[in-house]
Amino acid sequence: MTDSKVIIALDFKSKQEVIDFLDRFKNEKLYVKVGMELFYGQGIEMIEEIIKRGHSIFLDLKLHDIPNTVKSAMRQLAALGVDMVNVHASGSIAMMKAAIEGLNEGAQGKTRPLCIAVTCLTSLDQTVLDDELMIHEPLEKVVLKWAENAKAAGLDGIVCSPLESKIVHEHLGMDFVTVTPGIRLASDSADDQKRVTTPKLARELTSSYIVVGRTITGASDPVATYKEVLDQFQGA
Ligand code: C5P
């Protein structure tokens, strides 16, 4: 377990790349994000290896199915011992409630993983909402409504941009966590991220957790860069 609120996105293809990366950190306990590519490629063995090393895991699989299927799937994920999982808010309040039930059952009396919702993917925009999905409300209103649904279902928070953290916290309370990607140090390139924020600004904007990928994984010294990100986010 770790107290770190800086989640490193392990966007690597192979188990060996992950192990080489983690080996650099010696005794440091990290919070890492395992996404679909790594999980579908390397499976449960990869999760077990990361947990064995004492790191915390956000398993980013974005579940979306009928409530009963999501409940059963979450029962399995909680039993793996991961610390955070997620679902699509568009799956409905009933589906999100079922996710929590499954997590509680799978955790078997231990603390259940945090469960957060994806609202509108950042790859969607107003045109897609209008023309393809036939959702004619403004995107910001949709995000806030789906975040409210997540809270009503008993979820712990949402994924959003640091730039949206404040408004989410104002509407839904500081305990409702915001997990925020799109983080770069001032000296970095933005890569394919459109709206980027430094760890310091994310803290000022009330992000609960930041998700940081290439800034750390692509750095010449990932350990030093992680420390810099951590210091900025913690306000050291
Ligand atoms: O390398 P970078 O810091 O851009 O990685 C950010 C991580 O957060 C990636 O794993 C990406 O898939 C994820 N993410 C994101 N934007 C979202 C949701 C997730 O960048 N809206």
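Each residue takes its place number in the sequence, starting with 1. Indexing begins at 1, ligand by ligand and atom by atom, following the structure's order.
Side-chain polar atoms of S4 and Y226 form a donor-acceptor pair below 3.5 angstrom.
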Would you mind writing out the side-chain donor-acceptor pairs for residues 140-153 within the sub-3.5 Å range, not counting sequence neighbours?
unit_1 : atom_1 : unit_2 : atom_2 : d
K141   : NZ     : E137   : OE1    : 3.1
K151   : NZ     : L172   : O      : 2.6

What donor-acceptor contacts under 3.5 angstrom involve side-chain atoms of residues 107-116, with partners at least two apart or in another chain?
unit_1 : atom_1 : unit_2 : atom_2 : d
R112   : NH1    : D156   : OD2    : 2.8
R112   : NH2    : D156   : OD1    : 3.3
R112   : NH2    : D156   : OD2    : 3.4

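Aromatic pair Y209/F58: centroids not less than 6.0 angstrom apart.
Following chains of ILVMFWY side-chain contacts shorter than 4.5 Å, one cannot reach V211 starting from L185, and the two form parts of different hydrophobic clusters.
For ligand 1, residues of the protein lying within 4.0 angstrom by heavy-atom distance are A9, D11, K33, T122, P181, R184, Q193, V211, V212, G213, R214.
Legend: salt bridge (charged side-chain N to carboxylate O under 4.0 Å, His left out) pairs involving residues 169-187, not counting sequence neighbours, sorted by first then second residue: R184-D191.
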